[in-house]
A.B. asks: 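Starting off with a structure, shown below.
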Amino acid sequence: MTKNEVEAHLLFNKMQRKEAILEEFERLRPNWKGSIIRFFSMVLGIAFLLWMYPEIMQQPVLYVFLILIFGMSAELHAESKKINKRIDVLHKLLKDDV
């Protein structure tokens, strides 16, 4: 192989790695579908609890709020994990550490 062929091959490999990182970057972008699905699953979970334990409705509203808080914190945790992964990928792109 000549020097030009080796350089062309290295450049092609570098472009492929950058393209893979860009695809991962776009894939990790938060979308509205995931948030809606998590919200409705949380509402269904609360509805299931109320159906299984109707006495919860006779208790103070604090218990319902606690369930909502735990659901929202789980959603926040999932979103922050995704955002952190996305930031790491962006950092790789900017640093050109690929």
Side-chain angles (χ1 to χ4, degrees):
M1 285 176 119
T2 66
K3 182 178 177 182
N4 288 338
E5 289 175 343
V6 171
E7 288 177 359
H9 186 64
L10 288 174
L11 182 63
F12 181 71
N13 285 340
K14 188 175 180 179
M15 286 173 40
Q16 281 183 326
R17 284 184 292 206
K18 273 193 176 186
E19 185 65 31
I21 288 175
L22 283 171
E23 287 175 9
E24 183 180 2
F25 181 70
E26 290 299 322
R27 185 177 47 86
L28 289 174
R29 175 173 284 158
N31 59 8
W32 57 273
K33 292 179 202 173
S35 296
I36 289 176
I37 290 171
R38 281 187 294 276
F39 174 75
F40 281 118
S41 65
M42 183 175 53
V43 169
L44 285 174
I46 292 171
F48 179 74
L49 282 175
L50 292 175
W51 178 68
M52 290 295 292
Y53 306 104
E55 63 270 7
I56 289 178
M57 289 304 289
Q58 297 169 357
Q59 300 295 322
V61 179
L62 178 65
Y63 294 112
V64 175
F65 284 132
L66 284 175
I67 293 170
L68 287 173
I69 289 170
F70 286 124
M72 291 303 295
S73 67
E75 180 180 352
L76 179 65
H77 176 71
E79 284 296 318
S80 64
K81 264 180 89 171
K82 194 175 192 180
I83 289 170
N84 286 335
K85 285 182 182 180
R86 191 163 187 237
I87 290 172
D88 290 341
V89 171
L90 180 62
H91 178 69
K92 284 182 190 177
L93 277 174
L94 293 176
K95 190 176 177 186
D96 199 24
D97 190 28
V98 199

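Scope of the values below: all heavy atoms of this structure, side chains included, with no hydrogens, waters or symmetry mates. Numbering of residues begins at 1 and proceeds along the displayed sequence.
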A.B. asks: Cluster question for you: counting only ILVMFWY and a side-chain heavy-atom cut-off of under 4.5 Å, with indirect links fine, are Leu76 and Phe70 together?
C.D. replies: no
A.B. asks: Rounded to the nearest 0.5 Å, what's the gap from CD on Glu24 to NZ on Lys85? Could you check?
C.D. replies: 8.5 Å
A.B. asks: Roughly how far, to the nearest 0.5 Å, is the CZ atom of Arg86 from the CD atom of Glu79?
C.D. replies: 11.0 Å
A.B. asks: Just by distance, do the side chain of Glu5 and the backbone of Thr2 share a donor-acceptor pair under 3.5 Å?
C.D. replies: yes
A.B. asks: Applying the 4.5 Å side-chain criterion to the ILVMFWY set and letting contacts propagate, would Phe40 and Met72 be lumped into a single cluster?
C.D. replies: yes
A.B. asks: Determine, using the 4.5 Å side-chain heavy-atom cutoff (strictly less than), whether Phe12 and Ile21 are members of one ILVMFWY cluster.
C.D. replies: no
A.B. asks: Which value, rounded to the nearest 0.5 Å, describes the distance between Glu19 atom CD and Gln16 atom CD?
C.D. replies: 9.5 Å
A.B. asks: Through direct or indirect side-chain contacts below 4.5 angstrom among Ile, Leu, Val, Met, Phe, Trp and Tyr, which residues connect to Leu11?
C.D. replies: Met15
A.B. asks: Between CG of Leu22 and CG of Leu90, what distance do you get to the nearest 0.5 Å?
C.D. replies: 10.0 Å
A.B. asks: Please determine whether side-chain contact (heavy atoms from CB on, under 4.5 Å) holds for the pair His9 and Asn13, giving the CA-CA distance in whole Å, both sets of side-chain angles, and the decisive distance to 0.1 Å.
C.D. replies: CA-CA 6 Å; His9 186 64; Asn13 285 340; 3.4 Å; yes
A.B. asks: Does NZ in Lys82 sit with more than 12 non-hydrogen atoms of other residues, nucleotides or ligands closer than 6.0 Å?
C.D. replies: yes
A.B. asks: Look at the side-chain heavy atoms of Ile, Leu, Val, Met, Phe, Trp and Tyr, link any pair under 4.5 Å apart, and say whether Leu68 and Met52 land in one connected group.
C.D. replies: yes
